[in-house]
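What follows is a single structure, written as structure tokens, with notes after it.
Note that the coordinates shown come from a computational prediction; the quantities given were computed from them, not determined experimentally. Note: hydrogens, waters and symmetry copies are ignored here, and every other heavy atom, side chains too, is used. A note on names: the letters A, B, ... follow the listed sequences, proteins ahead of strands, and every chain is numbered from 1.
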There are 2 protein chains.
Amino acid sequence: MGVIRKTQSVSLVLNEFEKNSKAISAIELVKRLDDKINKTTVYRLLDKLEDDGLLHYFLDSNGVKWFAKCKICSKSKHHDVHPHFQCTDCGIVDCLEIKITIPEIPNRKVVNSQILVLGQCDLCLQ
Amino acid sequence: MGVIRKTQSVSLVLNEFEKNSKAISAIELVKRLDDKINKTTVYRLLDKLEDDGLLHYFLDSNGVKWFAKCKICSKSKHHDVHPHFQCTDCGIVDCLEIKITIPEIPNRKVVNSQILVLGQCDLCLQ
DNA sequence: TTGCAATCGCAACTAAGTTGCGTTTAAATT
DNA sequence: AATTTAAACGCAACTTAGTTGCGATTGCAA
């Protein structure tokens, strides 16, 4: 798969992610674009953009799917397997530019890890 | 809330977790007990047992809810905030008895973290 | 400008989990 | 042991995120 045509829907979706660097949940995006794009299309586009390496996704503590812009992903593979942060007060979600190393585990081969850090963001701390 | 009565349903659910030390997804548990307990009851019991500190739960990479026995949880608080492991080959999920430290993050207060490690389990490595 | 595969919208569907409510039951009380 | 009653239960209907099938539309290359 992958995005082939530069349709209006693609622009609308990508535009939402250009506004700022925060992540957006699929649910929220569907709502925001409700009067412009059908929800089926939104979900399909998110899948494609993720496939193309323009977006990456992850789940928050409620199992809700969030998407964010990729910074160093290629078309073939997501390179930026980084932790994500969710503010327990205001709910914003974004990417953490830190590396957390998973130690070796006896008798298992660690391939990947998904880390969600919960706490308070800079705005909510003030 | 909390488990008050020792009903047959409670025994049946807890019995599933006694069989071995692996985690069980809510979906799987509902299926296993389908002919004995109504799914509504299973979900309600899982909530209560979690509330009581007998079980804890977490989400896997698909957002599916898994439950496992607590080892050092009290009624008031889950103490064992540990990482969990899911085998990408056979799908088993269990608790990791290791501690992964989250570094300080500038301008944020880290309260909690949820870590899912993906890879191959001992059986699938052979 | 024409052809057509990619894209889209719509309606219907799937599946995990929840809610409301009337019935059953554990277990304390008499 | 019988009575009582709130906790626990089963059932049906509902909610909601996400998916599927399919016919209509559209980007874009020839």
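- In this structure, Ile27(A) places its CD1 atom 17 Å from P of dT15(D), rounding to the nearest Å.
- In terms of hydrophobic clustering, with Ile, Leu, Val, Met, Phe, Trp and Tyr side chains grouped at heavy-atom distances under 4.5 Å, Leu96(A) and Phe58(A) are assigned to different clusters.
- Glu28(A) has its CD atom 12 Å from the P atom of dA17(D), to the nearest Å.
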Could you list the donor-acceptor pairs under 3.5 angstrom formed by side chains in residues 23-32 of chain A, with sequence neighbours left out?
residue, atom, partner, partner atom, Å
Ser25(A), OG, Glu28(A), N, 3.0
Glu28(A), OE2, Arg32(A), NE, 2.8
Arg32(A), NH1, Glu16(A), OE1, 2.7

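- Put simply, Leu33(B) and Leu55(B) are part of the same group of oily side chains (I, L, V, M, F, W, Y) that touch within less than 4.5 Å, one to the next.
- Phe67(B) has its CZ atom 12 Å from the C1' atom of dA16(C), to the nearest Å.
- The minimum heavy-atom distance between Leu59(B) and Ser61(A), with the atom names listed, is CD1-O, 3.5 Å.
- Residues of residues 33-41 of chain A that place a heavy atom closer than 4.0 Å to DNA chain C, in numerical order, are Lys36(A), Ile37(A), Asn38(A), Thr40(A), Thr41(A).
- For the pair Pro103(B) and Val110(B), the tightest heavy-atom approach, listed with the atom from each and the gap, is O-CG2, 4.4 Å.
- Residues forming a side-chain contact (heavy atoms from CB on, under 4.5 Å) with Asp34(A) (at least two apart in sequence, or on another chain): none.
- Here the C1' atom of nucleotide dT16(D) and the NZ atom of Lys31(A) are 10 Å apart, to the nearest Å.
- The backbone N or O of Thr40(B) sits less than 3.5 Å from a side-chain atom of Asn38(B), completing a donor-acceptor pair.
- Evaluation of the side-chain hydrogen bond (donor to acceptor under 3.5 Å, both in side chains) test over residues 97-111 of chain A, restricted to residues two or more places apart or in two chains, returns Lys71(A)-Glu97(A), Arg108(A)-Asp94(B).
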Notebook entry, point to check: Which letter, B, S or -, goes with each nucleotide of nucleotides 22-30 of chain D from 5' to 3', with contact meaning a protein heavy atom under 4.0 Å?
Noted result: ----BBS--
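- Of the residues listed (Val93(B), Ile92(B), Val117(B)), the one engaging Gln86(B) in a side-chain contact (heavy atoms from CB on, under 4.5 Å) is Val93(B), and it is the only one.
- Both the sub-6.0 Å distance and the 45° axial angle are satisfied by Lys65(A) relative to the ring of Tyr57(A).
- Put simply, CD on Glu50(A) is 14 Å from P on dG18(D), counting in whole angstrom units.
- A heavy-atom distance below 4.5 Å is found between the side chains of Leu45(A) and Thr41(A).
- Between the P atom of dA16(C) and the CG atom of Leu29(B) lies a distance of 13 Å, rounded to the nearest Å.
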Expected rows: protein N/O vs nucleotides 28-30 of chain C N/O, under 3.5 Å:
none

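- Between the C1' atom of dG18(D) and the NZ atom of Lys48(A) lies a distance of 17 Å, rounded to the nearest Å.
- Rounded to an integer number of Å, the gap from Asn62(A) CG to dG17(C) P is 12 Å.
- Contact annotation: Tyr43(B) side-chain N/O to dT18(C) OP1/OP2 distance is not under 4.0 Å.
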